[in-house]
> 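Got a structure for you, questions after.
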Amino acid sequence: MSSFTKSTSFNRRALSSLAVESPRSTSSTAFTSPVGSAFASPRTFGGSPRPYTNRLKEISYLFQVLIVAGTLVSFLVIIAGGYLYVVPSLGYNGALQFNNTSSVVATEGKECDVFDGNWVVDDSYPLYNASECPFVEKGFNCLGNGREHDEYLKWRWKPKHCNVPRFRVGDVLERLRGKRIVFVGDSMSRTQWESLICMLMTGLDDKRSVYEVNGNNITKRIRFLGVRFGSFNFTVEFYRSVFLVQPGKLLRWHAPKRVKSTLKLDVLDVINHEWSSADYLVFNTGQWWVPGKLFETGCYFQVGNSLRLGMSIPAAYRVALETWASWIETKIDPNKTRVLFRTFEPSHWSDHRSCNVTKYPTPDTQGRDKSIFSEMIKEVVKNMTVPVSVLDVTSMSAFRSDGHVGLWSDNPLVPDCSHWCLPGVPDIWNEILLFFLFRQQVQ
């Protein structure tokens with residue numbers, strides 16, 4: 001501190017002497033450039049006879065310059081760090097389009113897992129009104145069936161490290177022009193199919209240009225349903241195949257009496273020839289792989305001509321998946337058809353099969369975020385030669401105990417904690433589905 005004070009005092013005296021000197025007597029290099037003077041010889045600095053004191057002044061000035069520069073750099077670093085931290089957390093507020101490839105990359109520069117995230121409140125949802133969409137089954141229109149609170153409609157999925165673009169109906173309709181998108185699976189697949197149709201119809205002025213190709217009403221009993229968007233020349237189709245493999249009649253008369261039918265694990269559903277020409281194929285199976293739908297109805301597993309009475313359901317599910325994978329690898333042209341498989345959708349029945357639909361998402365999944373079926377799907381897909389995208393909705397859907405039909409169906413005497421209200425959770429599945437489809441187009 002003493003040296004800093006001394007240097008300051010010297011500066012004052014030097015400035016005072018300069019103020020009364022004739023301009024001619026002042027050295028042309030004195031104070032011309034503070035930075036340059038710092039590197040000048042003490043003997044030429046204003047003709048001063050005190051080189052040591054001058055050097056102290058120069059060092060003091062450099063020290064002050066370094067402090068200012070360091071402060072400025074630190075400020076810029078703080079501002080840049082704050083920008084990188086705050087901006088990604090703002091989420092997607094309708095600004096992102098499907099052709100924005102930055103939405104698939106995490107802030108760390110790595111591929112982002114869109115299924116690792118949280119549900120956040122968003123008052124811009126729902127995406128449509130089920131009462132105005134003729135393709136929603138009456139049993140799934142919970143608001144129309146008397147559900148009073150609508151908080152369950154106001155949630156969107158927010159990945160932790162990236163963004164899924166918002167649904168832009170005009171963009172999606174154009175991208176699907178001339179295409180054929182096919183859903184294959186159980187009633188959960190049909191719900192997602194209905195959801196996508198209603199989402200797409202919000203972009204059309206002429207609703208009459210959308211129709212079921214065979215004039216059928218939407219019902220769970222029909223094996224095939226296809227809805228055509230005439231203005232854009234594309235179809236959204238659903239094929240009911242709850243196991244993906246072929247159910248069959250019992251041909252062995254010496255089988256135990258409890259065996260009424262079989263599920264041929266090594267034979268894909270006979271309607272598979274209808275799927276292979278699709279542009280987009282979306283599969284699911286899982287809800288029917290339970291004792292109540294199999295053993296308790298007298299249905300057991302068959303491989304070739306062999307009846308497998310002792311085979312467990314998970315083991316049979318794995319064989320069925322391998323059969324499906326083999327069909328994909330031999331029948332599907334990956335240059336034409338994009339294949340996706342949606343994982344198991346958790347239900348929210350209590351231990352005693354009672355159905356308690358909550359008002360808000362549950363903070364505790366109680367183990368529903370894990371499924372042996374979902375893990376098998378990922379394992380089988382990982383070893384396939386044809387690219388297949390896995391829509392891993394198990395964990396994200398496990399929080400949505402508020403999204404089920406409950407008592408707000410077309411049959412209120414039968415509660416339902418398996419199927420989902422529309423609008424609702426399946427809409428979010430479809431936003432992620434479209435993200436996967438269109439991401440490949442731009443990459």
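Excluded from the calculations below are hydrogen atoms, water molecules and symmetry mates; all remaining heavy atoms, backbone and side chain alike, are included. Computed from a predicted model, the values in this text were never measured in an experiment.
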> How about Asn430 and Ser195: does a side-chain donor come under 3.5 Å of a side-chain acceptor?
yes
> Check side-chain contact (heavy atoms from CB on, under 4.5 Å) between Glu237 and all other residues, then give those that pass, not counting sequence neighbours.
Arg180, Val182, Phe224, Thr235, Tyr239
> Partners of Phe234 by ring pair (Phe, Tyr, Trp, His ring centres under 6.0 Å), sequence neighbours excluded?
Phe229
> Between Ser397 and Arg368, does any side-chain donor sit less than 3.5 Å from a side-chain acceptor?
no
> Checking the side chain of His273 only, and the main-chain atoms of Val270 only, is there a donor and an acceptor separated by less than 3.5 Å?
yes
> Hydrogens and angles aside, do Asp122 and Ser124 bring a side-chain donor and acceptor to less than 3.5 Å of each other?
yes
> From Asn383 CG over to Glu322 CD, what is the distance, rounded to the nearest 0.5 angstrom?
8.0 Å
> Flag the pair Phe243 / Tyr317 as yes when their ring centroid distance falls below 6.0 Å, and as no otherwise.
no
> Among residues at least two apart in sequence or on other chains, which ones pass ring pair (Phe, Tyr, Trp, His ring centres under 6.0 Å) with Trp119?
Trp157
> Report yes or no: does Asn145 contribute a side-chain atom to a donor-acceptor pair with the main-chain N or O of Trp408 at less than 3.5 Å?
yes
> Counting only N and O atoms by type, is there a donor-acceptor contact under 3.5 Å from the side chain of Asn272 to the main-chain atoms of Asp269?
yes
> Within the side chain of Ser306, is there an N or O that forms a donor-acceptor pair under 3.5 Å with the backbone of Val303?
no
> Measuring from atom OH of Tyr211 to atom OG of Ser209, what distance do you get when rounded to the nearest 0.5 angstrom?
9.0 Å
> Test your reading of the model: is there a side-chain donor-acceptor pair from Glu431 to the backbone of Phe167, 3.5 Å cut-off?
yes
> Could you go through the side chain to side chain donor-acceptor pair (under 3.5 Å) check for Tyr128 and Asp427 one step at a time?
CA-CA 10 Å; Tyr128 57 88; Asp427 306 331; 2.8 Å; yes
> For the residue pair Ser187 and His419, confirm or rule out a side-chain donor-acceptor distance under 3.5 Å.
yes
> Indicate yes or no for a side-chain donor-acceptor contact from Glu194 to the backbone of Glu137 under 3.5 Å, with no hydrogens or angles considered.
yes
> Could you tell me whether Arg342 and Glu345 have a side-chain N and a carboxylate O separated by less than 4.0 Å?
yes
> Is Arg175 close enough and on-axis enough to Phe232, meaning under 6.0 Å and within 45°, for cation-pi?
no
> Assess whether atom NZ of Lys207 is packed by more than 12 heavy atoms of other residues, nucleotides or ligands within 6.0 Å.
yes
> Please determine whether the number of non-hydrogen atoms from other residues, nucleotides or ligands lying under 6.0 Å from atom CG of Asp364 exceeds 12.
yes
> Using 0.5 Å steps for rounding, measure from the OG1 atom of Thr219 to the CD1 atom of Ile222.
5.5 Å
> Kindly indicate, with the supporting measurements, whether the criterion side chain to side chain donor-acceptor pair (under 3.5 Å) is fulfilled by Asn284 and Asp186.
CA-CA 7 Å; Asn284 97 295; Asp186 54 29; 2.9 Å; yes
> What is the distance from atom NE2 of His149 to atom CG of Leu143, rounded to the nearest 0.5 Å?
9.5 Å
> May I ask you to check whether Trp289 and Phe344 place their ring centers less than 6.0 Å from one another?
no
> Evaluate whether atom NZ of Lys154 has more than 12 neighbouring non-hydrogen atoms of other residues, nucleotides or ligands under 6.0 angstrom away.
yes
> Under 3.5 Å, is there a donor-acceptor pair between the side chain of Asn214 and the main chain of Asn216?
no
> Using the test salt bridge (charged side-chain N to carboxylate O under 4.0 Å, His left out), find all partners of Arg208 that sit at least two apart in sequence or belong to another chain.
Asp206
> Using 0.5 Å steps for rounding, measure from the CE atom of Met396 to the NZ atom of Lys158.
13.0 Å
> For the pair Glu379 and Lys382, find out whether any cationic side-chain nitrogen is under 4.0 Å from an anionic carboxylate oxygen.
no
> Please tell me if the side chains of Ile372 and Met376 come closer than 4.5 Å, counting only heavy atoms from C-beta onward.
yes
> May I ask you to decide if Phe115's main-chain N or O and Asp113's side chain share a donor-acceptor pair within less than 3.5 Å?
yes
> Mind checking salt bridge (charged side-chain N to carboxylate O under 4.0 Å, His left out) for Lys359 and listing every partner two or more places apart, or none if nothing turns up?
Glu151
> Of Ser409, Ser131, Cys421, Cys133, which is the lone residue that meets side chain to side chain contact (heavy atoms under 4.5 Å, CB included) with Asn141?
Ser131
> Within 45° of the six-membered ring axis of Trp193 and under 6.0 Å from that ring's centre, is NZ or CZ of Arg190 located there?
no
> With sequence neighbours left out, write down each residue that passes disulfide bond (SG atoms under 2.5 Å apart) with Cys355, or none if nothing qualifies.
Cys417
> Taking all heavy atoms of Trp349 and all of Pro415, pick out the closest pair and write down the distance.
CH2-O, 3.2 Å
> Could you measure the distance from the CZ atom of Arg156 to the OH atom of Tyr125? Nearest 0.5 Å is fine.
6.5 Å
> Is a donor on one side and an acceptor on the other found under 3.5 Å between the side chain of Ser326 and the backbone of Thr323?
no
> Report yes if the distance between the aromatic ring centroids of Trp324 and Phe283 is under 6.0 Å, otherwise no.
yes
> Should the pair Glu375-Lys370 be classified as a salt bridge under the 4.0 Å nitrogen-to-oxygen rule?
no
> State whether Tyr152 and Arg147 meet the cation-pi test: NZ (Lys) or CZ (Arg) under 6.0 Å from the six-membered ring centroid, and within 45° of the perpendicular axis.
yes
> Please test Ser350 against Ser354 for side chain to side chain donor-acceptor pair (under 3.5 Å), starting from the C-alpha separation and ending with a verdict.
CA-CA 5 Å; Ser350 71; Ser354 62; 2.4 Å; yes
> If we check side chain to side chain donor-acceptor pair (under 3.5 Å) with Thr394, which of these qualifies: Asp369, Thr343, Thr365?
Thr343
> Salt bridge check: are Asp279 and Lys336 linked by an N-O gap of less than 4.0 Å?
yes
> Are the side chain of Thr285 and the backbone of Val242 linked by a donor-acceptor contact shorter than 3.5 Å?
yes
